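Note sheet for the following structure.
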Amino acid sequence: MAKAPVLTPQADDFPRWYQDVLAKAELADNGPVRGTMVIRPYGYSLWERMQAEVDARIKDAGAENAYFPLFIPESYLTREAEHVEGFSPELAVVTHAGGKELEEPVVVRPTSETVIGEFMAKWIQSHRDLPLLLNQWANVVRWELRTRIFLRTSEFLWQEGHTAHATQADAAAYAVQILHDVYRDFMVDVLAMPVLIGRKTRQERFAGAINTLACEAMMGDGKALQMGTSHELGQNFAKVFDIAYQDAEGTQQTCWTTSWGVSTRMMGGLIMCHGDDAGLRIPPRLASTQVVVLVIKDADGAAEAAGRLVDELRAAGVRAKLDARTDTSFGRRATDWELKGVPVRIEVGPRDLANGEVTVVRRDTGEKSQATVDGVAATIPGVLDAVQADLLGAATRRRDERTAEVTTIDEAREAAQVGFARIPWATLGEQGEAVLAQDAITVRCLQTPDGQVPASEDEPGVVAVVARAY
RNA sequence: CGGGCUGUAGCGCAGUUUGGUUAGCGCACUUGACUGGGGGUCAAGGGGUCGGAGGUUCAAAUCCUCUCAGCCCGACCA
């Protein structure tokens, strides 16, 4: 007897599937102001895990957390020409406060290069103060017209790193280090997402940057999503905010700065990369709940056995949760945990228990197996590792299957309908980029032939990865 | 800014053409019983300024005018 699907199948309508998952997995709701979002507890628990993992890597890279204000004097934004040009259409500006009109309007930060620049200038005097490596976790506002929860919202949460260095080489190296050691490492190892890394074309560059590096991921429908960026800002901000130092010889020098960020958009990437028709599939290393122990029926000691199992799992370092609800049917609860993408479910019921067994179910494959009550906890870390590896493997396979090597713009346009196309940058060029843009196809990044970040777009052999993007 | 469409229960919708009892349906929700190995079954319930204002009428979700909000297409921008 075929039942109505829990979610709109991905193949029927991918955007609809995405909306369905957000609601049914209790991730997020739309906020009352257009373009804003409410992140629900389960969604936020995943974001907290992302924060923890990214934050640890940022600290390993030597940056320290700080906090700068939400409100920025409007005059700050206008100092850097490209920067203000890029952001002014989407600024939220406060003109009235305290019951009267403000002398100088304040903008709600769309990003914090300007305020942080102002304070870097104050704090940096000597070459001994460099590098200055700062990060902040904050919300930012960009008044977007077309919004989708997590992917593009008017207010979102992120981390923004801001650093100042003595030389261009140091700044460039640090921007690359963040891309590699913080972002790519996190996305591949924790999110199980095989992101591409590369540099952005002039067209796609951050407003005010001299170079933008990015991580790009492929979603389940073949479209691309920018998951994180790292910018070399040259001396653009250093000059206008006078971020300068005295070198060892006693001469005044202008600093070189960088900025880099990842946001709640990664939530959207996670959902659309691994999700299937049954809901989310959360990689174990990210999952806020890695294993749910589900009591099928509270009889013959099932609830007690399940409780002991949860304790054992926690003792073994597994993030485990007990579901002993007796007021909801087994099928409903199984479906709910599948929607939420919990990597492993252990079913404890009287029937199995009579044989001293429990049932272990993998969310990624749906595969069920029997295990002994006494031995199962010890096997779970291995199962979680396998799920983690298989999710990465499946996403990598899909990306590779849907990536075409092409040599003409027409072929690139064709291939981008279902995935990524790799075309020599020398063939495409900025003119070809503009041609593809008419069909909503953009250059996601420029790479060396072996998938590394090129030092410049003019390097021989540079390949443009083009796709439709979110 | 122009064109089109939609506003009815938490969500999704029917009812509007042709005005007429107490405004309906599915899901969700509450209570109880039986259940429980894949969205359980049965029974009994709760929940509505029909986007808002004004008008026509014995009578308006339904007709008229105005208005607000949202969505789509175009234009603008890149």
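Every chain is numbered from 1 and lettered A, B, ... according to where its sequence line falls, protein lines coming before strand lines. None of the values given here were measured: they were computed from a predicted structure. Only this structure's heavy atoms are used, side chains among them; waters, hydrogens and symmetry mates stay out.
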Checking all strands, does [X] fall into the base, sugar-phosphate, or nothing category for heavy-atom contacts under 4.0 angstrom?
X: Pro350(A); result: base
X: Glu338(A); result: base
X: Asp352(A); result: base

Could you state the atom-to-atom distance from [atom1] of [X] to [atom2] of [N] in whole Å?
X: Leu353(A); N: G36(B); atom1: CG; atom2: C1'; value: 16 Å
X: Arg148(A); N: C71(B); atom1: CZ; atom2: P; value: 14 Å
X: Ile441(A); N: A78(B); atom1: CD1; atom2: C1'; value: 17 Å
X: Glu90(A); N: C76(B); atom1: CD; atom2: P; value: 20 Å
X: Gln203(A); N: C77(B); atom1: CD; atom2: P; value: 15 Å
X: Glu85(A); N: A78(B); atom1: CD; atom2: P; value: 8 Å
X: Lys24(A); N: C11(B); atom1: NZ; atom2: P; value: 15 Å
X: Arg325(A); N: G37(B); atom1: CZ; atom2: P; value: 14 Å

Write down the partner of [N] under the Watson-Crick or G-U wobble criteria, each distance required to be under 3.5 Å.
N: A69(B); answer: U6(B)
N: G74(B); answer: C1(B)
N: C11(B); answer: G26(B)
N: U56(B); answer: none
N: G38(B); answer: none

Could you work out the separation of [N] and [M] based on their [atom1] atoms and round it to a whole Å?
N: C66(B); M: G4(B); atom1: P; answer: 14 Å
N: U49(B); M: A44(B); atom1: P; answer: 26 Å
N: U67(B); M: C27(B); atom1: P; answer: 41 Å
N: A75(B); M: U21(B); atom1: P; answer: 48 Å
N: A23(B); M: U16(B); atom1: C1'; answer: 12 Å
N: G46(B); M: A9(B); atom1: C1'; answer: 11 Å
N: C76(B); M: G15(B); atom1: P; answer: 39 Å
N: C42(B); M: U6(B); atom1: P; answer: 36 Å

Among [options], which nucleotide sits nearest the side chain of [X]?
X: Thr335(A); options: G37(B), G38(B), G36(B); result: G38(B)
X: Arg332(A); options: G38(B), G37(B), G40(B); result: G40(B)
X: Lys297(A); options: G38(B), G37(B), G36(B); result: G36(B)

Position toward the 5' end of RNA chain B (nearest nucleotide), Ala334(A) or Arg16(A)
Arg16(A)
How do Ala437(A) and Leu339(A) order along RNA chain B: which one's closest nucleotide is nearer the 5' end?
Leu339(A)
Does any donor-acceptor pair link the side chain of [X] with the base of [N] at a separation under 3.5 Å?
X: Lys368(A); N: G37(B); result: no
X: Arg333(A); N: G36(B); result: no
X: Thr359(A); N: G37(B); result: yes

Check this for me: does any side-chain nitrogen of one of [X] and [Y] sit under 4.0 Å from a carboxylate oxygen of the other?
X: Arg202(A); Y: Glu430(A); answer: yes
X: Arg397(A); Y: Asp390(A); answer: no
X: Glu216(A); Y: Lys200(A); answer: yes

Supply the atom-to-atom distance Leu196(A) CG to Phe420(A) CZ, rounded to the nearest 0.5 angstrom.
5.5 Å
Indicate yes or no for a side-chain donor-acceptor contact from Arg281(A) to the backbone of Leu391(A) under 3.5 Å, with no hydrogens or angles considered.
no
Exactly one of Val360(A), Thr359(A), Asn355(A) should register a side-chain contact (heavy atoms from CB on, under 4.5 Å) with Glu357(A). Which one does?
Asn355(A)
Is the terminal nitrogen or CZ of Arg148(A) (NZ for Lys, CZ for Arg) located under 6.0 angstrom from the six-membered ring centre of Tyr18(A) and within 45° of that ring's axis?
yes
